[in-house]
Amino acid sequence: MYKNGGTILDKKISIENLTVIYGKKSEEACEMLKNGDTNQRISEQTGAHIAVQDVSLEVYSKEILVIMGLSGSGKSTLLKTLNLLLRPNLGKIIVDGDNILEYNKKQLRLYRQKKTCMVFQNYGLLSHRTVLKNVEFGLEVEHVNKDERRKIAEEMIKLVGLSGWEDQYPEVLSGGMQQRVGLARAFANQPDILLMDEPFSALDPLIRDQMQIELLQLQTKLKKTIVFITHDINEAFILGDRIAIMKDGAIQQIGTPREIMMN
Ligand code: ADP
Ligand code: MG
């Protein structure tokens, strides 16, 4: 439990002692790590790279947790483990009480399709589909019926300010508009958890500012649990209910923007 301005927030995700190692000899590296070898020795002997090391972190229900750090600090690696695009070498990931590392194929598919949604920097829109069809995509995969998915998609398109653009193709949209479609698509799936990896980093500053405001507005209405990655400190302070600072694969500090500012 975590108190935020008098509100008690529930734990949504608990990350416990998570380690992710890249390289062909990652298992050997993992054994060495367990035996207390230094990272330098591990890297010399195995060529493996420890991208995330012993990270423990909690994400509260309906908060925006921003993970901030320089390029190469392990942010994307950490985020990818949260929907198991990447399996960690060590540690646990508990979501709503389940260790997702123990999910079977079917559970994992449901988890990926229904509970989480990932938003990347390059929007990943499908160029041969209209705006409407892009936003409907995840619902189609889930076999939501046509009328229902149209209704949800139109509502989301309206929420991100793109009404009137439903029948256009992504190529005629600006970068900011494309990212709006990406947001609408993510929210249309109605996931509990949004995983956002520097979604606004490629946008012009003015557009980026607008998108941040828009995300906050969407969040006020839709109340998701959001893990948002950025390397931009301003963005972290604008969006984060809490901010975790990551360096060299570890979380150095975590707290509300106010707490972070005072340290
Ligand atoms: P960030 O998102 O903070 O920029 P990443 O999680 O992408 O950092 O990368 C963390 C570290 O892991 C970096 O040193 C990066 O070079 C390395 N890395 C990332 N992906 C791979 C990979 N597939 N294979 C080997 N090393 C990787
Ligand atoms: Mg990254």
Side-chain angles (χ1 to χ4, degrees), residues 1-5 9 11-23 26 29-30 32-44 48-95 100-101 118-121 193-201 208 212 215 225-263:
M1 295 288 213
Y2 166 75
K3 278 196 176 173
N4 181 12
L9 302 174
K11 256 189 254 177
K12 186 76 179 171
I13 307 174
S14 293
I15 299 167
E16 297 176 14
N17 307 103
L18 205 80
T19 294
V20 185
I21 306 173
Y22 289 116
S26 64
C30 191
M32 290 179 74
L33 192 65
K34 282 192 213 160
N35 292 331
D37 280 305
T38 64
N39 290 13
Q40 191 184 349
R41 211 177 118 78
I42 295 170
S43 136
E44 280 164 12
H49 178 71
I50 304 171
V52 170
Q53 186 164 6
D54 200 23
V55 164
S56 296
L57 184 67
E58 270 165 3
V59 187
Y60 297 104
S61 198
K62 300 175 184 164
E63 76 168 336
I64 301 183
L65 175 71
V66 172
I67 299 176
M68 188 182 75
L70 299 176
S71 175
S73 54
K75 306 181 298 295
S76 295
T77 301
L78 179 60
L79 197 73
K80 280 182 198 150
T81 64
L82 295 185
N83 75 347
L84 293 185
L85 280 176
L86 204 58
R87 284 192 89 85
N89 298 76
L90 293 171
K92 281 189 192 169
I93 303 169
I94 315 286
V95 180
I100 63 168
L101 296 168
M118 199 118 183
V119 186
F120 298 102
Q121 189 173 60
I193 300 169
L194 278 162
L195 305 171
M196 309 185 81
D197 194 351
E198 308 215 24
F200 306 148
S201 295
R208 189 167 61 210
Q212 289 163 356
L215 177 62
T225 302
I226 301 180
V227 183
F228 188 104
I229 303 254
T230 185
H231 60 262
D232 177 355
I233 187 162
N234 290 319
E235 186 162 80
F237 276 89
I238 289 166
L239 295 179
D241 292 305
R242 291 188 306 148
I243 300 171
I245 298 175
M246 200 164 177
K247 193 182 172 207
D248 298 334
I251 301 293
Q252 286 215 313
Q253 204 187 341
I254 182 164
T256 61
R258 205 191 153 99
E259 286 162 352
I260 297 280
M261 194 111 79
M262 289 192 296
N263 285 295

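Side chains included, hydrogens not; waters and symmetry mates left out as well; all remaining heavy atoms used. As the structure is a computational prediction, the values presented were derived from the model and not from experiment.
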Let me have the donor-acceptor pairs involving side chains of residues 82-90, under 3.5 Å, with sequence neighbours excluded, atom names and distances please.
residue	atom	partner	partner atom	Å
N83	OD1	L85	N	3.4
R87	NH2	L101	O	2.6
N89	OD1	I21	N	2.8

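- Between A244 and L65 the shortest heavy-atom distance is N-CD1, 4.4 Å.
- No side-chain heavy atom of T77 sits under 4.5 Å from any side-chain heavy atom of K80.
- The nearest pair of heavy atoms linking I260 to I243 is CD1-O, 3.6 Å.
- The backbone N or O of E58 sits nowhere less than 3.5 Å from a side-chain atom of K11 that would complete a donor-acceptor pair.
- For the atom pair CG of L239 and CE of M68, the computed distance is 12.0 Å after rounding to the nearest 0.5 Å.
- Atoms OG and CG, from S43 and D37 in turn, are 12.0 Å apart once rounded to the nearest 0.5 Å.
- The main-chain N or O of F228 is never found under 3.5 Å from a side-chain atom of K75 such that the two would form a donor-acceptor pair.
- I93 approaches L18 most closely through the heavy-atom pair CG1-CD1, 3.7 Å.
- Scanning all heavy atoms of the two residues, the minimum distance from H231 to S201 falls at CE1-OG, 3.9 Å.
- One distance of note links CD of Q252 with CG of N263; it measures 12.0 Å at 0.5 Å rounding.
- A distance of 9.0 Å separates CE of M246 from CG of L57, quoted to the nearest 0.5 Å.
- Separation of atoms CG (L78) and OG (S73) is listed at 9.5 Å; rounding is to 0.5 Å.
- Here the closest non-hydrogen pair linking D241 and P257 is O-CD, 3.3 Å.
- For T225 (side chain) and K62 (main-chain N/O), a donor-acceptor pair under 3.5 Å exists by modelled atom type.
- Within a 6.0 Å radius of CD in Q40, other residues, nucleotides and ligands contribute 12 heavy atoms or fewer.
- A distance-only check finds no donor-acceptor pair linking the side chain of N17 to the backbone of G91 [under 3.5 Å].
- A donor-acceptor pair under 3.5 Å is absent between the side-chain atoms of E235 and the main chain of D232, judged by distance alone.
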> Step by step, would you call N39 with L33 a side chain to side chain contact (heavy atoms under 4.5 Å, CB included)?
Replying inline: CA-CA 7 Å; N39 290 13; L33 192 65; 3.8 Å; yes

> Is there a side-chain hydrogen bond (donor to acceptor under 3.5 Å, both in side chains) between N234 and Q212 once you walk through the steps?
Replying inline: CA-CA 11 Å; N234 290 319; Q212 289 163 356; over 6 Å; no

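- P199 and V119 make their closest contact through CB-CG1, 4.1 Å (heavy atoms, listed as atom of the first residue, atom of the second, distance).
- Between the CG atom of L195 and the CG atom of L79 there is a distance of 4.5 Å, given to the nearest 0.5 Å.
- Classified by interplanar angle (parallel below 30°, tilted 30° to 60°, perpendicular above 60°), the ring pair Y22/H49 is parallel.
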